[in-house]
Every structure is written in structure tokens, then in C-alpha cells.
There are 2 protein chains.
Amino acid sequence: MSVDSSPGMSSATADDIRRAALRLFATGGYEATTMREIAAAVGIRAASLYNHFGSKEDILWDLTSTALEDLNSESEASMATLSPDATPTEKLLTFVRAHIAYHAKNGEQATLVNMQMGGLSKSHHRKSVALRDRYESRLRSIMQEGVAAGVFHVPDERVASFAILQMGIAVSGWYRPEGNLSVPQLCDVYEILANRMVAA
Amino acid sequence: MSVDSSPGMSSATADDIRRAALRLFATGGYEATTMREIAAAVGIRAASLYNHFGSKEDILWDLTSTALEDLNSESEASMATLSPDATPTEKLLTFVRAHIAYHAKNGEQATLVNMQMGGLSKSHHRKSVALRDRYESRLRSIMQEGVAAGVFHVPDERVASFAILQMGIAVSGWYRPEGNLSVPQLCDVYEILANRMVAA
DNA sequence: GTCTATATATCGATAGAC
DNA sequence: GTCTATCGATATATAGAC
């Protein structure tokens with residue numbers, strides 16, 4: 001079978017399909033996007049898409065799993081640069097920088113994950129939720145550690161974590177690289193906001 | 001014509017349809033929801049829906065416009081309780097309380113507005129964006145006033161406004177009244193977070 | 001690996017009886 | 001105002017020639 005729907009390996013056309021589908025899914029929604037539209041954006045016919053992906057849902061799953069794995073691996077790579085005795089504040093700000101940078105640089109992927117996961121099969125949906133939970137729990141742990149150490153003072157750990165996560169996720173909806181804020185500058189802004197939120 | 005799609009007046013069945021459609025649109029998405037599903041949830045056949053609404057998009061528009069008008073009117077009503085010489089901080093915290101309360105109490109409506117506006121016709125979409133912009137600009141004005149008065153110190157007015165808005169919108173995605181936080185308690189939490197975000 | 005042609009299903013919406 | 005029956009369009013997906 002030549003349906004290389006497994007994330008990781010990719011022919012040239014499969015990547016073209018990924019790019020086109022990602023844009024269409026993120027802007028118009030998964031259900032509202034047709035295989036004919038994806039094919040037209042790539043310059044082939046709808047039937048030819050099935051040489052590269054087994055189904056429309058396979059494309060969505062490919063894009064979603066890749067996005068979530070990228071998010072997790074970039075976050076973990078950032079955290080790995082910290083020394084073992086880093087303070088909760090250092091951990092929080094490092095997490096936030098990676099969080100903001102990802103959502104600024106990968107707006108379409110983030111939009112897909114945040115709005116189109118409902119199109120996944122039940123099995124793929126479960127796996128996606130697990131990947132997302134793994135990501136979010138990392139911030140929760142940092143928050144709990146900071147509160148336990150007495151350096152964070154938040155009215156509610158869970159709510160504060162959600163608030164920090166979500167204000168970053170929203171970046172994917174409006175940030176444009178052509179604007180007057182570079183990604184590092186944007187990270188600086190959110191570092192300040194997050195730091196204030198946990199410090200009395 | 002008996003298609004009472006105009007928000008405001010309503011027969012018993014039309015409200016049943018609104019409730020069912022809101023739930024289905026918010027949980028499964030507008031495009032993925034069929035007229036037959038809505039009808040089944042109400043206990044009638046799909047064809048009978050057209051005695052109450054002219055089209056599927058009419059239902060979405062009814063729900064969306066009502067949600068956005070409720071959001072605006074509740075926000076404006078809250079702001080109207082302030083004295084004319086209220087400080088920027090008082091204005092901000094009042095806005096945030098109404099913002100959080102709405103998104104905690106109207107999770108499905110907020111989810112609809114935030115994720116399903118793409119299903120609207122171009123004309124209805126424009127009107128919805130205008131209503132949403134009117135709401136968001138109110139916070140922007142408060143933010144600018146506080147910065148101009150020297151009581152708010154934010155690295156970026158626009159980013160800070162988005163961050164406050166979005167951390168509140170996210171409440172609609174996870175808050176459940178059965179949980180261990182009442183709406184007033186939740187508002188207290190976000191009041192603190194918002195206040196910290198603007199104060200150095 | 002792309003194409004044309006088509007199978008099969010389901011969609012939103014309408015017609016007309018009751 | 002609900003129903004059954006159905007239209008016309010379009011969706012995903014497949015078959016098979018090239």
C-alpha cells in the first residue's frame with residue numbers, strides 16, 4: 001500500500017497535501033472542507049488524494065498528531081535546557097516562552113488542534129486528548145511546585161494554569177509575523193504577564 | 001409567514017429548537033450537525049423545522065446574534081452601575097466580572113460564537129464580527145484609559161487586552177456549575193489575575 | 001500516481017396530504 | 001404545524017483504464 005499516512009515519512013505530494021489541508025481545515029473548518037477543495041489546492045483530482053492518505057480523517061489525524069507532538073517536543077526541549085535546580089519561576093517563564101513561540105509560529109496547527117479535533121475518530125480523539133493533557137499537565141506541575149515552595153501566590157492553581165495556557169493559545173488566532181512584534185518580543189510580553197499572574 | 005426566526009419573539013417549539021440546536025452546534029459543530037439531528041432532539045421531523053426557521057443557517061444566526069447581543073447588553077449593564085468618576089481599575093474589574101460571569105453561565109453560547117461563526121453567511125458573519133468588535137473595544141478603551149492615566153503598566157496594550165479577554169473566554173470551555181467554584185468565586189479569581197496583569 | 005466515471009450515502013430543502 | 005415522500009446537489013470513497 002502506498003498510503004503513507006504515517007507521520008514522519010513523506011513524499012513530495014503528500015507534504016503538499018498536508019500544507020493545503022492544514023490551511024483549509026484551519027481557515028474553513030474540517031467538516032466544511034471537501035476533498036475536492038484540497039485536491040484543487042494541490043493541483044490534482046480528489047481521487048488521487050487516496051494514493052497518499054486512506055481517508056479524509058487520516059489527513060486530519062496526521063496533521064493533529066504532528067501538531068501535538070511538535071508542541072510537546074518543543075516544550076520538552078526548552079525545559080531540558082534548564083539546570084536541574086532551576087527555580088519554579090525560571091521553569092514557568094521557560095514554559096511560557098516555548099508556549100508563546102509555538103503558537104506564534106504555528107498558528108494554523110494550533111488552530112487545528114483547538115477547533116477541529118471534533119472531526120477525529122473516537123480512537124484518534126482519545127489519543128489527541130492524551131497528548132494535550134500531557135502538555136497541559138506540565139504547566140500544572142510547575143504551578144503546584146511554585147505554590148508549594150511559597151514563591152507563587154495564586155487564588156486557584158487550576159484556574160491560573162488554564163488562564164496562562166489560554167492567553168497563549170489565543171496568540172495563534174491573531175499573531176502575524178508581518179506585524180510590529182517579533183516572536184521574541186511577544187514572548188517577552190507574555191513572560192511579564194505570566195510572571196505577574198503568579199506573584200502577589 | 002410563520003418562520004419566526006426573528007430573535008425576541010418565540011413559540012414554544014421554536015425555543016425547543018433553539019435549545020437543541022445550540023447544544024448540538026456547540027458540542028458537535030455546526031457543519032457536522034444535521035437538521036435531522038436537531039429535529040430528533042426536539043421530537044419532530046426535519047421538514048417541520050422549516051415551519052420555525054427558514055434554513056439551517058437561520059438557526060445559527062438566531063443563536064449567534066442572540067449570544068452576542070446578550071454579551072454586549074450584560075456587559076453594558078454592568079458598566080452602567082459604575083459612577084461617572086470610576087477609576088480605570090474599577091472599570092477593568094467590573095468589565096472582567098461581567099466577562100467571566102457571562103462565560104461561566106453561558107458556556108454553549110460562548111462556544112458557538114468562538115468556534116462556529118464560520119458557518120454564517122457573509123452578511124451575518126460581518127454583523128457578528130461587528131458585535132464582537134464592539135464588545136472587545138470596550139476593554140481596549142479601558143486599557144488605554146488606564147495606561148494614559150498612569151495607573152496601568154502593561155508591556156503592550158493590545159496584547160494585554162487580548163490576554164484578559166481570552167483567559168475569560170476559555171472559561172466557557174471548562175467551567176461547570178457543579179464544580180467547587182461558584183460563579184462569584186470564579187469572578188474573584190479572575191479579578192485578581194486581571195488586576196495583577198495591569199499593575200506593575 | 002493520475003485520471004474519468006461512478007457507486008453509495010446523506011445532506012438541506014420542498015411539495016403536498018392531513 | 002406535523003407528517004411522508006422525494007428532489008437535486010454534493011459528499012466521501014472506489015474501480016479500473018492509462
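Throughout, protein chains are lettered first and strands after them, A, B, ... in sequence-line order, and every chain is numbered starting at 1.
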Handout entry: Aromatic ring proximity, centroids under 6.0 angstrom, A:Tyr135 and A:His99
Key = yes
Practice task
Would you confirm whether B:Asn114, through its side chain, and B:Ile169, through its main-chain N or O, come within 3.5 Å as a donor-acceptor pair?
Solution key: no
Handout entry: A:Asn195 side chain to A:Leu93 backbone, donor-acceptor under 3.5 Å
Key = no
Handout entry: Heavy-atom side-chain contact between B:Arg18 and B:Phe53 under 4.5 Å
Key = yes
Handout entry: Interatomic distance where CZ belongs to B:Phe53 and P belongs to D:dG1 [whole Å]
Key = 12 Å
Practice task
Write down the distance between CE (B:Met35) and C1' (D:dA9), rounded to a whole number of angstrom.
Solution key: 16 Å
Problem - Interatomic distance, B:Leu49 CG vs C:dT14 P [rounded to whole Å] - result: 13 Å
Completion exercise
Between OH of B:Tyr50 and P of D:dT6 the distance, given in whole Å, is 18 Å
Practice task
Starting at atom NZ of B:Lys56, determine the distance to atom P of D:dT10, rounded to an integer number of angstrom.
Solution key: 15 Å
Hey, what are the protein-to-nucleotides 3-10 of chain C N/O distances that come in under 3.5 Å?
residue	atom	partner	partner atom	Å
C:dC3	OP2	A:Arg45	N	2.5
C:dC3	OP2	A:Ser48	OG	3.1
C:dT4	OP2	A:Arg45	NE	3.0

Exercise for the section: Sequence neighbours left out, what pairs pass salt bridge (Lys or Arg N to Asp or Glu O under 4.0 Å) with at least one residue falling in residues 136-146 of chain A? Expected result: A:Glu76-A:Arg138, A:Lys91-A:Glu145
Problem - Face-on cation placement of B:Lys56 at B:Tyr50 ring, 6.0 Å and 45° thresholds - result: no
